[in-house]
Amino acid sequence: METKYIFITGGVASSLGKGIISASLGKLLQARGYRITIQKFDPYINIDPGTLNPYEHGECYVTADGMETDLDLGHYERFTGIETTRDNSVTTGRIYLSVIERERRGDYLGKTIQVVPHITDEIKRRMRLLEASNYDFIITEIGGTIGDIESQPFLEAIRQLRWELGTQRALNIHLTYIPYLAAAGELKTKPTQTSVKQLQGLGIQPEILVLRTEHELGDDLKAKVAHFCNVDVKAVIQSQDLPSIYEVPVNMQRQGLDAIILKKMGMEPGPTPGLGPWRAFLERRKKATKEIKIALVGKYDLQDAYKSIIESLAHAGTYNDRKVKTVFVNSEHITRENVAEQLNGMAGVVICPGFGSRGIEGKIITAEYTRTHDIPTFGICLGMQMMVVEFARNVLGYKDANSTEFSAMKSPTRHPVIDLMEEQKSITQMGGTMRLGAYDCELIKGSRTWKAYGEDRLIKERHRHRYEFNNQYLKEYERHGMKCVGINPASNLVEIVEIPDKKWYIGTQFHPEYSSTVLHPHPLFMSFVKTCINGTVEA
């Protein structure tokens, strides 16, 4: 069949959950046997979010082919199990850069370059790029909110595509917000009506409305919205707050969202899929009420900055029949005097990734404390590097050991146990120039990591960093008890370190959190959480 397009837009307010709705819809169509993919078009002018502060945009997610992307691509992969690529994430910056480069080459033969048709044509080309992979459905989420000036070219491109493809191949779902005014005791539909009118004014009539709400919406209210917005009343879907984002697909299926879409696109829905494995996960999650606390030691006091780590811990907790409560501990505030108090009651500790020197000493103090007190510890990327630095200072005896990322120009470390990769030394630009994407890693047989992976010798994991373990010190680390148990076979770079005589003390240069999904939790997180549970005194 010809590829069909579902465009998801948002109105009234940001952060309503377009990414979760997109991922949930993808899951439901996938369960019906359709080949799907999901792409995100973001209106900001950055080429990608790689240089953005997490406080600005949350976590930067990395695809297997090495693209720094929006965190919503993490939701797409966790829900559906698909592997996204650089073609699944597009920004205004990438669109304009492509058009300007073509103009400089003379591809436009002297024409005046304009938003319409040149920018919108490039947007449409990008929107249809994945069509070559023969997907049945391409779900396209548009970032931002209706009314944002930077979103206008994307919406114009959608208007054009819907006209070109026809109603059987293109459909719009608009996600809006129904606020509750406590003083009046009423739910208000006017913001939704206004948002839809803005969309209609741009030439787009939404076929389906998804109403985000904290309160149950009555049939009368849904009928009112349908009447004022020119939408079938059955196509007004409620998205109420739920205990978990993973309940959203079931809620959407209960209201027939996937069946409505298929009917509107001239397809026979057929029987409703059972979602057996997904429902089994939810049931297990509900029963996992016994709680363990795991500390996230990092500098970003923001949930979205460590989104994939939090979700990976939650997946592993469910499959170990526990509820993982993550507790953020700001590494800037950790000292030798208070580290015991800061980590009191924690079953395990994750030393988080990041960039820059802020909070580094707190991570090093944490690594020393958990190592000497045998608390299960998982260091990821920069977290792993700080475990290596700590070991050099306090076990190898190199008191000035450091990463060259933090070594001051006036007093450079004599022991750069973490050093800039050779191929990075000539790079001056910041964006998209790190070691990015999936690389092979060969595991040492018999190691704890090897056992966690189910005795696989060769794994592939995603990276996002510039600095590496300095192999000049490898034999010394091994001699003193920190083993390098994962090596990249092509470059000989160290990917994993562990201390075998501890309960669980493992650091990875890569980001395993990018590969954990709802139905396939990551083996390292599974092993880590299991160890945290076994090290906890049972009530």
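- Here the rule is side chain to side chain donor-acceptor pair (under 3.5 Å) with D321, and of R284, R285, K290, K287 only R284 fits it.
- When side chains are defined from C-beta on, Y177 counts as touching E214, because their heavy atoms get closer than 4.5 Å.
- Summarising the geometry, atom OG1 belonging to T37 is positioned 12.0 Å from atom CG belonging to L29; distances are rounded to the nearest 0.5 Å.
- With rounding to the nearest 0.5 Å, the separation of OG1 in T508 from CD1 in I506 is 9.0 Å.
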Intermediate values then yes/no, salt bridge (Lys or Arg N to Asp or Glu O under 4.0 Å), K293 and E291: CA-CA 7 Å; K293 292 182 181 179; E291 188 176 271; 5.4 Å; no
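- Note: L171 CG to I261 CD1 = 6.0 Å, rounded to the nearest 0.5 Å.
- In this view, Y180 and H215 satisfy the ring-ring contact (aromatic ring centres under 6.0 Å, His included) rule, not counting sequence neighbours.
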Evaluate Y135 against Y34 for ring pair (Phe, Tyr, Trp, His ring centres under 6.0 Å), listing each step before the verdict. CA-CA 8 Å; Y135 290 107; Y34 295 109; over 10 Å; no
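- Between the side chains of S89 and D48, no donor-acceptor pair is found at a separation under 3.5 Å.
- H522 and F528 have their aromatic ring centers separated by at least 6.0 angstrom.
- Here the CD1-CG distance, from I36 to L130, works out to 11.0 Å after rounding to the nearest 0.5 Å.
- By the side-chain contact (heavy atoms from CB on, under 4.5 Å) test, T140 pairs with F7, Q39, F41, M127, I138, I142, sequence neighbours left out.
- A salt bridge is defined here as a Lys NZ or Arg NE, NH1 or NH2 lying under 4.0 Å from an Asp or Glu carboxylate O, and E311 with R78 fails to meet this definition.
- Under the salt bridge (Lys or Arg N to Asp or Glu O under 4.0 Å) criterion, R94 pairs with no residue at all, not counting sequence neighbours.
- At least one cation-pi condition fails for R462 and F510: the charged atom is not both under 6.0 angstrom from the six-membered ring centre and inside a 45 degree cone around its axis.
- Ring geometry, H511 versus Y514: the interplanar angle falls under 30°, so the pair is classed parallel (tilted spans 30 to 60°).
- For CD1 of I45, the number of neighbouring non-hydrogen atoms (other residues, nucleotides, ligands) closer than 6.0 Å is 12 at most.
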